[in-house]
Engineer: 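The structure that follows is given in the form of structure tokens.
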Protein chains: 2
Amino acid sequence: MKDDKKYARIFRAVLKLVAKKGLAGMTMGDISKEAGIATGTLYVYFDNKDALINALFAACRENSVTVSFRGYDARQPFKPGFRSIWMNILRYRLQHFEEFIFLEQCYHSPYITAATREKARELAEPFYALMARGQAEQLIKNVEKDLLITVIIGSMNELVKQIHYSGTALTKNRMSITFDLCWDAIKA
Amino acid sequence: MKDDKKYARIFRAVLKLVAKKGLAGMTMGDISKEAGIATGTLYVYFDNKDALINALFAACRENSVTVSFRGYDARQPFKPGFRSIWMNILRYRLQHFEEFIFLEQCYHSPYITAATREKARELAEPFYALMARGQAEQLIKNVEKDLLITVIIGSMNELVKQIHYSGTALTKNRMSITFDLCWDAIKA
DNA sequence: TTTTATGGTGAATAAATATTCACTTATATT
DNA sequence: AATATAAGTGAATATTTATTCACCATAAAA
């Protein structure tokens, strides 16, 4: 019986290695060593390197969406609800920077198959629904939802990178300021 | 005498290959074949694969800044000046998507040395100066310039990706809408 | 023209790396 | 306990890939 904990250990090893050496430089040998198992064992759990990476990509994407909406209650007013989701995402990406980098690396990578990409796209559905609600309540601009999401997610991702690489701490204050920039962009 | 046209052909080949196969999957053999030269010739022009990639990275970054400020005249009012720069960048990244992808790939890659990264950072100077001007004229928010640039560049990069991968055309109208989102974010 | 230097070549070499497999160990089933 | 089934191993293999090098082509210098 395959061990869930072993899947987790393999995944953790990959995340660590990708952050350090990039998808490119990470060998199966590296992974097994980092995970503390034999190279052959990787092939018990996954068909090959591609399959391993696709599986991790799917898991990360799914996890990412779950985390975003944690604690979100559709009955509360729109803006504080949106704010809490925004903060959730930002905090999670900063605290799990390796996961964030891995997803970014995968984005253009030939490792990721068309099927995996398609599944990832479907996961974005809740964000479209959120934009629809804001528009229905006339709180945010009535423009294509794609453009709104693009501005929100794009600026957040860049913020995460900037924070991480500059080494400066992201204070509550700076988070709040950046949220306000973002809100001003989309507010009606 | 080494041939400038050959440098250009090698660079063009790399950009094409990275867009297709990622930094990971691109071999020196692929590059020479795509450029129509012998593998050994690559080593006449560059010490090794790392050096090749670093050289191209530096060239792309420099080019990117040059293009951004093309046609910018500091004597015209701030907002139209800023708008023309914003449009310059967006248009260039869409038209040279391969270059954009290459730079993104390099961002976290171990191929890129610390020295190359440092040089790239210095190139961002004109953007800080631009923010300073906008703040001095009290047209844009008086918050950390880093945060402003992050929102501007981050949302634009995401837009470029979204446009490219969704296959939808970016009409003048959609460009204008997105610029307005961006402007609302930063305006005082 | 001869000499020298440099660009160009691609098969050969040396590493690096994914994958396999014969075998061991653990766990479930009878 | 005996047997069957599946997980785990890591050295050996097959493949891929960066890099070299002995040689050819070209063009400038003598």
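Every chain is numbered from 1 and lettered A, B, ... according to where its sequence line falls, protein lines coming before strand lines. The model shown is predicted, which means the values in this text are computed figures rather than measured ones.
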Engineer: Given atom CZ of B:F46 and atom P of C:dG7, what is their separation to the nearest angstrom?
Structural biologist: 13 Å

Engineer: Specify the residue among A:G29 and B:K6 whose closest nucleotide of DNA chain C lies further upstream toward the 5′ end.
Structural biologist: B:K6

Engineer: To the nearest Å, how far apart are B:Y45 OH and D:dA18 P?
Structural biologist: 20 Å

Engineer: Please tell me which of the listed nucleotides, C:dT9, C:dT19, D:dG10, lies nearest to the side chain of B:A38?
Structural biologist: C:dT9

Engineer: Quick one: does any side-chain atom of B:K141 pair with a main-chain N or O of B:K187 as donor and acceptor, under 3.5 Å?
Structural biologist: yes

Engineer: Write down the distance between CG (A:L23) and C1' (C:dA18), rounded to a whole number of angstrom.
Structural biologist: 16 Å

Engineer: A cation-pi test, strictly: NZ or CZ of B:R133 under 6.0 Å from the centre of the six-membered ring of B:F78 and no more than 45 degrees from its axis. Yes or no?
Structural biologist: no

Engineer: Expressed as a whole number of angstroms, how long is the span from A:K33:NZ to C:dA18:P?
Structural biologist: 14 Å

Engineer: Between D:dG8 atom C1' and A:I10 atom CD1, what is the distance in whole Å?
Structural biologist: 11 Å

Engineer: Could you tell me whether the phosphate oxygens of D:dT9, OP1 or OP2, come under 4.0 Å of any side-chain nitrogen or oxygen in A:Y43?
Structural biologist: no

Engineer: Taking any heavy-atom pair under 4.0 Å as a contact, classify B:L42: base, sugar-phosphate, or nothing.
Structural biologist: nothing

Engineer: Figure out the NZ/C1' separation between B:K5 and C:dG7, and round it to whole Å.
Structural biologist: 16 Å

Engineer: Look at all strands and tell whether A:T27 reaches a base, only sugar-phosphate, or nothing, counting heavy atoms closer than 4.0 Å.
Structural biologist: sugar-phosphate

Engineer: Distance check, rounded to the nearest 0.5 Å: B:L159 atom CG versus B:L94 atom CG?
Structural biologist: 7.0 Å

Engineer: In terms of side-chain geometry, is the basic nitrogen of A:D30 or A:K33 positioned less than 4.0 Å from the acidic oxygen of its partner?
Structural biologist: no

Engineer: Walk me through it: do A:K161 and A:E104 pass the test side chain to side chain contact (heavy atoms under 4.5 Å, CB included)?
Structural biologist: CA-CA 11 Å; A:K161 283 187 261 183; A:E104 287 253 316; 3.3 Å; yes

Engineer: Ignoring backbone atoms, establish whether B:T41 has a side-chain N or O less than 4.0 Å from OP1 or OP2 of C:dT9.
Structural biologist: yes

Engineer: In residues 48-56 of chain B, which ones come under 4.0 Å of DNA chain D, going by heavy atoms?
Structural biologist: B:N48, B:K49

Engineer: For the side chain of A:S176 and the backbone of A:K172, is there at least one donor-acceptor N/O pair under 3.5 Å apart?
Structural biologist: no

Engineer: Distance check needed: D:dT16 C1' versus B:D30 CG, whole Å only.
Structural biologist: 11 Å

Engineer: Has B:S64 got a side-chain atom pairing as donor or acceptor with B:C60's backbone, closer than 3.5 angstrom?
Structural biologist: no

